[in-house]
Amino acid sequence: MAIHIPKQLLVEGAGLLAGNAHTQDDGLVRVCAAGLRAIAEQHAAYENATRCSKAFMTHLHEELHRLCGQFSLPGGACSASATALRERAFCLTEDMAVIMREKILRSGCAGACAAETELMAFFEGSGHWRAGDGTLVTDAYYVQLPVAVLHELLRRVQDAMDKAV
């Protein structure tokens, strides 16, 4: 069963991050806001493509609730400091990187939008996350998801071959 994140919560979180004057020049916050908008725009695709990354989807949902619940003011204004927004954006970016990676592994790179490509490039190139660093997020991103998706594809091929015989 898919984890449902309300589309409006994604849009609200993106707006809080993108609309804060203190963080407009912050690459992490900008990439994070664009990633949230991309998930909102492709809401059904994400809900259907994320089987292995459910823990990250659940955490993303919790982090969005924290962001919107703690920092949202009437009219969509944001009450957070730049540091607090950056901390939320860091956590959200970790979750989205794993979730986007699974969607793209399942659908192919040609199906990736610019925001997905940019977020994953940021994740891979920023220096915050390194393959083999022993963290849960990098193990999922670089090892567990690719292996799980490959295993699923091989099982499908085997099933198709068994039916053909």
- Message: When you compare the side chain of F56 with that of V137, does any pair of heavy atoms fall below 4.5 Å?
- Response: yes

- Query: Are side-chain heavy atoms of L9 and H61 found at a separation under 4.5 Å?
  - Reply: yes

- Message: Give me the atom names and distance for the closest heavy-atom approach of R37 to A18.
- Response: NH1-CB, 3.8 Å

- Query: Can you tell if the side chain of Y46 reaches within under 4.5 Å of the side chain of M100, non-hydrogen atoms only?
  - Reply: yes

- Task: State yes or no: do L150 and V143 share one hydrophobic cluster built from I, L, V, M, F, W and Y residues joined by side-chain heavy-atom distances below 4.5 Å, directly or via other members?
- Result: no

- Message: To check you understand the geometry: which heavy-atom pair defines the closest contact between A33 and A14, and what is its length?
- Response: O-CB, 3.5 Å

- Answer with yes or no whether the hydrophobic clustering places V11 together with L60; edges join I, L, V, M, F, W, Y residues whose side-chain heavy atoms lie under 4.5 Å apart. no

- Item | side-chain contact (heavy atoms from CB on, under 4.5 Å) between L10 and H43, worked out | CA-CA 9 Å; L10 293 158; H43 198 255; 3.7 Å; yes

- Query: If every non-hydrogen atom of M57 is compared with every non-hydrogen atom of I5, which pair is closest and at what distance?
  - Reply: SD-CD1, 3.4 Å

- Flag yes if more than 12 heavy atoms outside H151 fall under 6.0 Å of its NE2 atom; otherwise flag no. no

- Minimum-distance pair of heavy atoms, taken over all atoms of A112 and I104: CB-CD1, 3.6 Å

- Got a second to check how far L119's CG is from F122's CZ, nearest 0.5 Å? 8.0 Å

- Note on the structure: Between C113 and A38, the two heavy atoms sitting closest are SG-CB, 3.8 Å

- Message: Can you tell whether the side chains of R30 and E118 come within less than 4.0 Å, N to carboxylate O?
- Response: yes

- Note on the structure: Output for pair (H59 NE2, R66 CZ), nearest 0.5 Å, gives 5.5 Å

- Kindly compute the distance separating CG (L85) from CG (D26), expressed to the nearest 0.5 Å. 9.0 Å

- Item | Euclidean distance, T93 OG1 relative to R86 CZ, rounded to 0.5 Å | 9.0 Å

- Message: So E116 and Q42, do their side chains get closer than 4.5 Å, heavy atoms only?
- Response: yes

- Should R106 and V149 be marked as a side-chain contact (heavy atoms from CB on, under 4.5 Å) after you check the CA-CA gap, both sets of side-chain angles, and the distance that decides it? CA-CA 7 Å; R106 290 186 184 286; V149 172; 4.0 Å; yes

- Task: Search all heavy atoms of Y141 against all heavy atoms of A97 and return the closest pair with its distance.
- Result: CE1-O, 3.5 Å

- Student check: side-chain heavy atoms of L16 and R88 closer than 4.5 Å: no

- Quick one: does L36's side chain get under 4.5 Å of E12's, heavy atoms only? no

- Message: Let me confirm one number: the CZ-OH distance from R101 to Y142, rounded to the nearest 0.5 Å.
- Response: 7.5 Å

- Task: Check whether any side-chain heavy atom of L92 lies under 4.5 Å from a side-chain heavy atom of L17, and answer yes or no.
- Result: yes

- To the nearest 0.5 Å, how far apart are CD in E87 and CD in E63? 10.0 Å

- Cluster question for you: counting only ILVMFWY and a side-chain heavy-atom cut-off of under 4.5 Å, with indirect links fine, are M96 and W129 together? yes

Quiz: residues 153-165 side-chain donor-acceptor pairs under 3.5 angstrom, not counting sequence neighbours:
| unit_1 | atom_1 | unit_2 | atom_2 | d |
| --- | --- | --- | --- | --- |
| R156 | NH2 | E152 | OE2 | 2.7 |
| Q158 | NE2 | D162 | OD1 | 2.9 |

